[in-house]
Number of protein chains: 2
Amino acid sequence: MADLRELAEFGRYESGVNRRALTPEDIAARAWLENRMRQAGLDARIDGVGSVIGTTPGATRYIVVGSHTDTVPKGGWLDGAMGVIFGLEVARAFVESGTGGDIGIQVMSFNDEEGRFAGLMGSSVFCSLKTLEEVIGIRADDNTTLASALEDAGYAGQPVAEIDPATHIAYLEPHIEQGPLLESRKKKIGIVTEIVGAERCRIRFLGQADHAGTTPMAMRRDAAGALYDYAVRFAGFCREHGGDNTVWNLGNVGLEPGAYNVVTPESTLYIEYRDGSPEILRRIREIIPVLATEICDLHDVEYELDDGVRAQPAAMNETLINCIEAAADKCDAPSLRMPSGAGHDAMLCAPIIPTGMFFVPSIDGRSHDIAEDTKEDDIIIGLRVLSTVISGLVADGSPLINQTH
Amino acid sequence: MADLRELAEFGRYESGVNRRALTPEDIAARAWLENRMRQAGLDARIDGVGSVIGTTPGATRYIVVGSHTDTVPKGGWLDGAMGVIFGLEVARAFVESGTGGDIGIQVMSFNDEEGRFAGLMGSSVFCSLKTLEEVIGIRADDNTTLASALEDAGYAGQPVAEIDPATHIAYLEPHIEQGPLLESRKKKIGIVTEIVGAERCRIRFLGQADHAGTTPMAMRRDAAGALYDYAVRFAGFCREHGGDNTVWNLGNVGLEPGAYNVVTPESTLYIEYRDGSPEILRRIREIIPVLATEICDLHDVEYELDDGVRAQPAAMNETLINCIEAAADKCDAPSLRMPSGAGHDAMLCAPIIPTGMFFVPSIDGRSHDIAEDTKEDDIIIGLRVLSTVISGLVADGSPLINQTH
């Protein structure tokens, strides 16, 4: 808790933290973290993309534990920081207890998870999904390139850490929930079964501008009316044909010209939907143009569809799900299995090495906001569960080694 | 036609006209109109609010014929100008033919119908709905007050014309349709039965901002989802419980913050509906909060309702409706009775003196745009119908005199 509170002082903003990747506050936090790792007896370094890595000495294979220490603008104090400090604490205890053997712990703070330059930047490079060359040209909103920010921080030219299934036997990411489910169900641990896939698109209806007083309803080609009907039918489809955990959001609309007395000639609806099942995502993706055609017939309008980003769902490792569940039971922490609706570094590691993730409750479900918080008792329960999982994996000689996933 | 074309040169903008009230182009047009009235043998003047009035000499009672010569920005060349020039032409013929007697013609160009300062300004003052003192403080978008614009034009201090049921026995306003109905039904004359009432309001739904990935659907308080459902139900109600000519428009929406991945905490829907029947307007007005309560229950949100402007419907005089219909028949002009979905100066005169209005077809239904146009043949048919109506009224010693309406 002392480490967490000390880390939260870097970039403190009221009750939260403003510590975007590679800002002076973030660079200072990374130096502090590297130093705390060394004090804990770890081999510590900051790699060529700014990720901070601390490794217990003497092992040949590692359980990687971590998350990220950068924040969104005016974000919360726990978010990714909690997972990193959990990793530090477990590694510290590991070293202090003199636990030797083949399997050690590697603590990881992936740089720029929140995307000042590019979301999941550090883990993308770690997982070889992007090369250093592909990311260093990316510019932040203030036009800074990642290359120059890494240079200024003194990280440029350092070796870049890379995932290696032969030595990285698992990745564990503890995190705050960022939603209301655990609190509402009175659970202490959310065992992530999968990080859901998310898809976005934008549908534009094209009708005709007319005087809203003088044009009879039957002669209108109203792109706003088309949009409202579409939104209701889309939601109805997702409700009926989605899964129990399917979520969708129609969180933005544009109407042109946007006047009381002009029949709308052009409307745009922004669509997002998420699910852990590629099959459900496909089902929704495929209905989008079908519904649009129905609506166009009904309202005598036309449509254009722009596909946006698509993130694949990432299933967590079944063995680790069971280990986390057993550990929660052992700690008397009521748990539930749940999908993660938000993206995390774990989603990139999951296809490569056995990956597990769990949540602690967020008060009022708040996150990405200075109001984000978790009860101290719940943080401590989360750390106990993590250390129980890791103790089990190390003691068992890891049931994960050589397993296919 | 020559007068119409000459008037269209004042403020010409491509194929249309840019002649907002009391701009230099508009003031020049008023001087031209006053002069053309004098050349036609009328007593002409511009009154204290800038309305241009031309009166055939020698009568004691008048049929008022007119509309307005100001335009919206980049508007059409006919719009109100046609009705004014129709009045001028009929009065000119009246004087030339030596038609004497008790009943004369008064040609009226009401100032600022389009609302550079205030919509229907000239007719509001003429009809004593507003005093000169109430309007002169009003500012245009460029911050000019009406008082200073009237002063600069040289109209300030002139007597203000006022409606007088004892001397103004009728008001007739020919106008372009501003909609597609006549053209689509292959009619030449639209006989206005009523100028519809229009009501506006704004409904705001208040929910809760949440992460659109991590918040289960059942726990959301989504103000956007509420808005889409509301819009569809409102349209359904109007379709089912409105009249044949009821129109409605949901032409603007505001969503806060308007993001793919944030459940919308606040949404605003802009509602307009029009009908000639006060009963139908009331029915729709009353359902608005009823539907809102249903939607709030369904989506666990709250609502706020802001009433906007309400314009009462104005019925046209039945005798004049019949006169116009008979005149159209006599001119072999196919006609239909229809409501006016747009507001006109006639709506203010209608409760005070017998008022009649008719439309000529707009090509493609276009208006308030430089693309607005009417076939020359159709303009001439309109003028013939007007002169036939007036000949009838004058020859009959006017069936309107002393009638109650």
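Predicted model only: the values in this text are computed from it and were never measured. Chain identifiers are assigned alphabetically (A, B, ...) following the order of the sequence lines, protein sequences preceding nucleic acid strands; residue numbering begins at 1 within each chain.
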Determine the option with the most heavy-atom pairs under 4.5 angstrom with chain B, choosing from [options].
| options | answer |
| --- | --- |
| A:Asp244, A:Leu250, A:Thr215, A:Asp229 | A:Leu250 |
| A:Ile271, A:Asn252, A:Asp222, A:Asn245 | A:Asn252 |
| A:Thr264, A:Thr246, A:Val253 | A:Val253 |
| A:Asn249, A:Val247, A:Leu255, A:Val232 | A:Asn249 |
| A:Asn261, A:Asp210, A:Val196 | A:Asn261 |

Looking at [options], which one has more heavy-atom pairs under 4.5 Å with chain A than the rest?
| options | result |
| --- | --- |
| B:Ser367, B:Ala224, B:Ala259 | B:Ala259 |
| B:Ala218, B:Ala231, B:Gly343 | B:Ala231 |
| B:Met338, B:Glu177, B:Arg274, B:Glu256 | B:Arg274 |
| B:Cys201, B:Pro257, B:Ala198 | B:Cys201 |
| B:Tyr270, B:Tyr260, B:Tyr228 | B:Tyr260 |

Return the minimal non-hydrogen interatomic distance between [X] and [Y], and the atom names on each side.
| X | Y | answer |
| --- | --- | --- |
| B:Leu181 | A:Pro216 | CD1-CG, 3.7 Å |
| B:Leu298 | B:Arg233 | CD2-NH2, 3.3 Å |
| A:Pro313 | A:Gly276 | CB-O, 3.2 Å |

Between [X] and [Y], is any side-chain donor less than 3.5 angstrom from a side-chain acceptor?
| X | Y | result |
| --- | --- | --- |
| A:Ser67 | A:Glu173 | yes |
| A:His344 | A:Glu113 | no |
| A:His175 | A:Asp79 | yes |

Part of [X] lying under 4.5 Å from any heavy atom of chain B:
| X | value |
| --- | --- |
| A:Arg239 | neither |
| A:Val262 | backbone |
| A:Leu269 | side chain |

For [X], is it the side chain, the backbone, both, or neither that has a heavy atom closer than 4.5 Å to a heavy atom of chain A?
| X | result |
| --- | --- |
| B:Leu227 | side chain |
| B:Ala212 | both |
| B:Ala342 | both |
| B:Ser340 | neither |
| B:Arg366 | neither |
| B:Met217 | both |

**Request:** Describe, in one word, how the ring planes of B:Phe205 and B:Tyr303 are oriented to each other, choosing from parallel (under 30°), tilted (30 to 60°) and perpendicular (over 60°).
**Result:** tilted

**Prompt:** When the ring planes of A:Tyr230 and A:Phe234 are compared, do they come out parallel, tilted or perpendicular, using 30° and 60° as the limits?
**Reply:** parallel

**Request:** Carefully, step by step, assess A:Met82 and A:Ile176 under the rule side-chain contact (heavy atoms from CB on, under 4.5 Å).
**Result:** CA-CA 8 Å; A:Met82 190 191 74; A:Ile176 58 162; 4.3 Å; yes

**Message:** Quick check against the 3.5 Å criterion: does B:Ser15 have a side-chain atom that pairs as donor or acceptor with the backbone of B:Ile370?
**Reply:** yes

**Prompt:** Okay, side chain of B:His299, backbone of B:Val301: is any donor-acceptor separation there less than 3.5 Å?
**Reply:** no

**Prompt:** Side-chain contact, heavy-atom cut-off 4.5 Å: A:Lys187 with A:Pro334?
**Reply:** yes

